[in-house]
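Below is one structure, written out as structure tokens; the observations come after it.
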Amino acid sequence: MSQSEKTGGVARPAPRAQVRAIDPSKLPKHFDADEISARWDRFWQDEGVYHYDESRGRSETFVVDTPPPTASGSLHIGHVFSYTQADVVVRYKRMTGMNIFYPMGWDDNGLPTERRVQNYYHIRCDPNTPYEAGLRFEQASADTRKKPARLVSRPNFIEACFDLIKEDEQAFSVLWHRLGVSVDWRHEYQTIDARCRRVSQFSFLDLWQKGHVYTSDAPTMWDVDFQCAVAQAEVEDRQVPSAFHQLEFAVEGEPAARIVIATTRPELLPACVGVTAHPDDERYKSFFGKRAVSPLFRAPVPIFPSELADPEKGTGILMVCTFGDQTDVQWWRTEGLALRQIIGNEGRLRPVDFGKAPFASLDVPRANAAYAEIAGKNVKQAQARIVELLRDPSASATGNGAPLVREPEPIQHSVKFFEKGDRPLELLTTRQWFCRLLDRKADLIAKGEEVEWHPAHMRTRFRDWTENLAIDWCLSRQRYFGVPIPVWYPLDANGRPDYDHPIVAAAEALPVDPTTDVPKGHSEAQRGKPGGFVGDPDIFDTWFTSSLTPQISSHWGTDAERHARLFPADVRPQGHDIIRTWAFYTIAKAMLHEDEIPWRHALISGWILDPERKKMSKSKGNVMTPLPLIETYTADAARYWAASARLGADTAFDENVWKIGKRLVTKLFNAAKFVLSQPGEIAPITNELDRAFALQLRNLVGNATRNFDAYQYAHALQETETFFWTRFTDTYLELTKARARGEVAGASAVDPAASGSAVAALRLGLSVLVRLFAPILPFITEEIWSWAYSQEAAELDPSAPAAQRSVHRAAWPNSSDFQGIEAPAHAESFDVAIAALAAINKAKADGAVSMGREVVALTLRATAPTLEIFAGVRSDVLAAARVSGCEVEATAGFGAGEFAIKAIEFAERSIEGA
RNA sequence: GGGCGCGUAGCUCAGUUGGUUAGAGCACCUCGUUUACACCGAGGGGGUCCGGGGUUCGAGUCCCUGUGCGCCCACCA
């Protein structure tokens with residue numbers, strides 16, 4: 001019994017392999033891979049070979065949580081890599097009899113689409129521009145791009161997004177068909193479509209009812225270019241040049257005292273709200289409780305002790321600004337410091353008045369004059385200007401000369417960036433929606449432990465990320481193309497929104513757009529009016545929706561029966577770079593909603609690196625597009641390449657592997673042509689060599705099945721490939737060729753039993769190997785299957801749908817393939833035959849004669865037990881080696897199955913062996 | 001600073017729980033065209049398994065240590 005039969009797969013009888021011979025002259029000499037793949041893709045789609053069957057139960061269903069690609073990205077060789085790896089696993093499961101649910105989604109909501117649309121059409125969204133019905137755009141020309149981008153309304157912008165993603169999704173779809181990704185196209189969705197918007201908003205409602213989401217006006221990481229909040233998961237560190245600036249502060253009431261503070265952000269000096277040092281630091285101990293006075297702005301701020309201050313860093317004392325980094329936020333909170341926000345949403349210094357709270361100065365006119373020098377500038381410009389000002393002795397708070405006490409000292413340090421951004425993130429206080437996660441870290445980790453990760457060490461990444469989570473999930477984004485947050489806020493008598501009592505949309509009303517839809521019990525006339533309401537203008541983080549892909553497919557919230565059937569899913573294939581986002585949020589959502597895990601297995605694929613082992617990226621210009629390679633090497637070869645890499649292994653791109661894949665495809669074509677064109681009639685597999693071959697084939701099936709069950713498809717492929725070349729085409733085919741045709745030396749008539757046994761074993765071998773290769777090489781295997789084997793299915797059950805004729809719906813090789821074949825007398829018979837043939841071949845190579853040269857006299861040496869086994873396969877070996885006269889000599893001193901040539905004589909020429 | 005992974009032939013990679021003389025493909029060299037296949041076949045050369053130490057009858061495999069590379073995270077006055 002095979003592994004899959006034991007582990008839940010549905011064992012089905014194997015084809016009988018009693019297929020009739022085909023006429024090879026009807027097949028092309030070389031095959032046309034493009035024609036084959038187009039033809040079979042059509043067949044698979046027309047016949048619904050990959051359709052999910054709703055009538056079958058959960059236990060025999062295998063549910064895939066397909067990654068929806070970002071359609072606005074470009075086609076990348078990495079797509080071929082990871083989607084093929086998942087497809088290989090799925091195709092295997094399908095052949096074990098599982099009912100496959102394999103949907104296809106497109107992740108088109110979000111920033112990448114907006115950016116692409118902006119660039120492609122050279123437009124910008126401006127919510128103040130009026131909507132123009134019927135407005136369509138064309139790809140911007142180089143000339144157009146030189147002019148400022150056209151401003152369009154939000155609805156027009158969204159229409160443009162829909163237009164472009166349609167084109168992009170088409171391009172991906174073409175590649176998927178070309179690659180033979182066996183998704184069920186009837187289950188297609190876009191993360192921006194109405195149904196996904198509904199699921200996404202329903203998720204928010206559920207989280208709101210369960211108390212997991214809240215809104216808060218708090219310091220949040222903010223991208224000044226996108227003018228949008230970002231979550232911790234979207235942040236990355238980058239090394240950038242910076243400089244330490246040492247600034248001298250005065251201490252109030254202590255004219256002799258001075259404090260020198262090192263900062264990399266002197267432009268935040270006007271936002272300084274405190275000064276701190278380590279409580280044990282003797283240099284500053286005496287100042288705690290007093291007030292420091294900043295240079296230039298003469299702002300008095302409290303000096304307080306903090307364990308978080310490191311005496312070794314900089315000068316050991318630092319200024320707290322609102323906000324330079326997360327620690328500033330912490331100090332601001334614990335010390336109850338003032339909020340002096342000087343950076344505006346667009347990254348420029350806002351106008352402020354040092355005469356008014358929360359700002360303060362001992363010399364208001366001077367402070368305002370200094371600030372006027374930097375107001376309106378961006379962070380970089382402001383820094384340059386403020387450094388100049390700090391070189392002026394009159395700016396000093398102590399009267400000791402220039403506050404910049406020495407030249408800035410250049411350093412490299414890492415700064416937080418939005419992963420898609422170009423300028424460092426700022427911490428700005430803005431109102432955002434959050435999802436509580438910090439209080440559930442332990443539960444999240446426990447859920448991560450329930451998931452089986454492949455490879456297992458990827459679990460560590462999930463755990464590490466979860467353990468180190470520092471802030472709740474910021475859900476809201478100040479963008480346009482995404483799922484709207486389904487809430488309104490009541491307006492008080494003064495027209496101010498009451499954020500503490502949001503009006504959340506009703507479930508039956510979803511999806512809603514609160515900027516155009518009206519909450520229950522209100523009218524459009526009340527929008528924006530005192531006593532009325534206002535819609536939340538924000539949209540969700542794109543991960544808020546894509547973290548629901550299992551629930552999107554299961555129709556959670558609208559179809560409880562289907563949801564029960566499809567959730568949780570069985571597998572989630574994805575890349576390791578998005579464990580902290582996609583995998584993490586998906587696990588979080590499943591837990592918060594239903595205390596479930598979203599899927600049992602996470603299949604983590606690696607990355608394609610360029611030949612120098614560098615990550616492929618657009619900016620490096622080393623990205624490869626897949627279609628030209630597929631055209632050169634065939635889609636099966638592309639899949640061979642992808643399936644040669646283990647899960648999780650980052651792999652250097654090597655075109656050579658594609659070449660080998662193509663060679664394998666060609667060899668399969670030729671071997672199949674040969675095997676199926678043998679004219680002999682089938683007979684029971686009784687010959688010793690054939691039985692020994694069948695035994696090895698059976699072992700191969702067991703190993704391949706075990707490997708596939710463990711998601712080790714690369715091992716299965718490698719072993720199957722090795723067997724195919726070294727046990728089938730190079731050896732078994734050669735050894736049985738003559739007997740299959742009835743060309744046995746010394747026999748005047750064909751022995752139908754001997755010939756039929758060989759023909760049957762050849763057909764069985766091909767049938768099994770084609771099915772073992774089918775998950776990886778779907779096109780060539782389907783082609784071969786169609787020549788003979790598929791007709792058998794049709795004959796067995798003429799009423800069966802055509803889809804049943806596909807190799808991809810055929811039974812995965814199992815014990816029933818080998819039913820009725822007796823074990824060989826010696827398990828080693830096949831190996832002994834190969835060894836004997838190899839020994840004779842070597843003698844021919846040494847003698848520099850062709851493999852076809854007849855051997856008129858041969859003396860073989862081996863141990864007596866080896867020779868006994870040899871006797872059972874002797875006639876096949878001699879026929880394959882074209883030996884007409886053979887003697888054997890039992891000799892001690894050889895290993896089991898080892899042969900030596902004592903003497904060999906070729907026709908018309910001879911040499912003497914040792 | 002913490003964590004994870006990797007280091008095996010010129011190249012890309014296998015090598016299960018320790019067990020014959022460490023493998024494959026490509027590349028290289030020699031030979032061979034008889035119809036399944038030149039998108040071929042046969043044969044051959046090539047390795048200090050990153051270094052050091054240890055456990056063991058026995059280590060590519062296990063332990064310790066060093067080193068190089070990649071990635072993730074943290075720090076970031």
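Note that this is a predicted model, so its numbers are computed, not measured. Naming: A, B, ... by sequence-line order, numbering from 1 per chain.
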Base, sugar-phosphate or nothing for [X]? Non-hydrogen atoms, less than 4.0 Å.
| X | answer |
| --- | --- |
| A/Arg646 | sugar-phosphate |
| A/Ser644 | nothing |
| A/Asp730 | sugar-phosphate |
| A/Phe244 | sugar-phosphate |
| A/Ala645 | nothing |
| A/Ala652 | sugar-phosphate |
| A/Ile660 | sugar-phosphate |
| A/Leu609 | nothing |
| A/His715 | sugar-phosphate |
| A/Trp725 | sugar-phosphate |
| A/Leu308 | base |
| A/Thr263 | sugar-phosphate |

Atom of A/Phe906, atom of A/Arg853 and distance for their closest heavy-atom approach: CB-CG, 3.9 Å
Distance-only donor-acceptor test, A/Glu734 side-chain atoms vs B/rA36 base atoms, 3.5 Å: yes
No-H, no-angle donor-acceptor pair, A/Asp237 side chain to B/rC75 base, under 3.5 Å: yes
For a quick test of reading the model: is some side-chain N or O of [X] closer than 4.0 Å to OP1 or OP2 of [N]?
| X | N | answer |
| --- | --- | --- |
| A/Arg853 | B/rU33 | no |
| A/Arg663 | B/rC37 | no |
| A/Lys416 | B/rC75 | yes |
| A/Arg461 | B/rG3 | no |
| A/Gln232 | B/rA74 | yes |
| A/Lys667 | B/rG41 | yes |
| A/His457 | B/rG3 | no |

Polar side-chain atom of A/Arg459 near backbone of A/Val451 as donor-acceptor pair, under 3.5 Å: yes
Expected output: side-chain A/Ser294 to main-chain A/Ala299 donor-acceptor under 3.5 Å: yes
Spacing between A/Glu719 atom CD and B/rG15 atom P, to the nearest angstrom: 12 Å
Spacing of A/Gln718 atom CD relative to B/rU16 atom P, expressed in whole Å: 12 Å
A/Asp876 vs A/Lys737, salt bridge (Lys or Arg N to Asp or Glu O under 4.0 Å): CA-CA, chis, key distance, verdict: CA-CA 8 Å; A/Asp876 285 338; A/Lys737 223 177 229 181; over 6 Å; no
Paired nucleotide for B/rG70 [Watson-Crick or G-U wobble; both distances under 3.5 Å]: B/rC4
Along RNA chain B (nearest heavy atom to each residue), the more 5'-positioned of A/Phe31 and A/Trp331: A/Phe31
Earlier contact from the 5' end, RNA chain B, for A/Asn707 and A/Asp650: A/Asp650
[atom1] spacing across the pair [N] / [M], given as an integer number of angstrom:
| N | M | atom1 | value |
| --- | --- | --- | --- |
| B/rA14 | B/rU61 | C1' | 14 Å |
| B/rC13 | B/rU17 | C1' | 23 Å |
| B/rU21 | B/rA38 | C1' | 34 Å |

Gap between atom CD1 of A/Ile261 and atom CG of A/Leu269 - 0.5 Å precision: 8.5 Å
CA sep, side-chain torsions, deciding dist, call: A/Lys667, A/Glu721, salt bridge (Lys or Arg N to Asp or Glu O under 4.0 Å): CA-CA 11 Å; A/Lys667 191 73 173 179; A/Glu721 186 190 8; over 6 Å; no
Geometric class of the A/Phe323/A/Trp332 ring pair [parallel <30°, tilted 30-60°, perpendicular >60°]: perpendicular
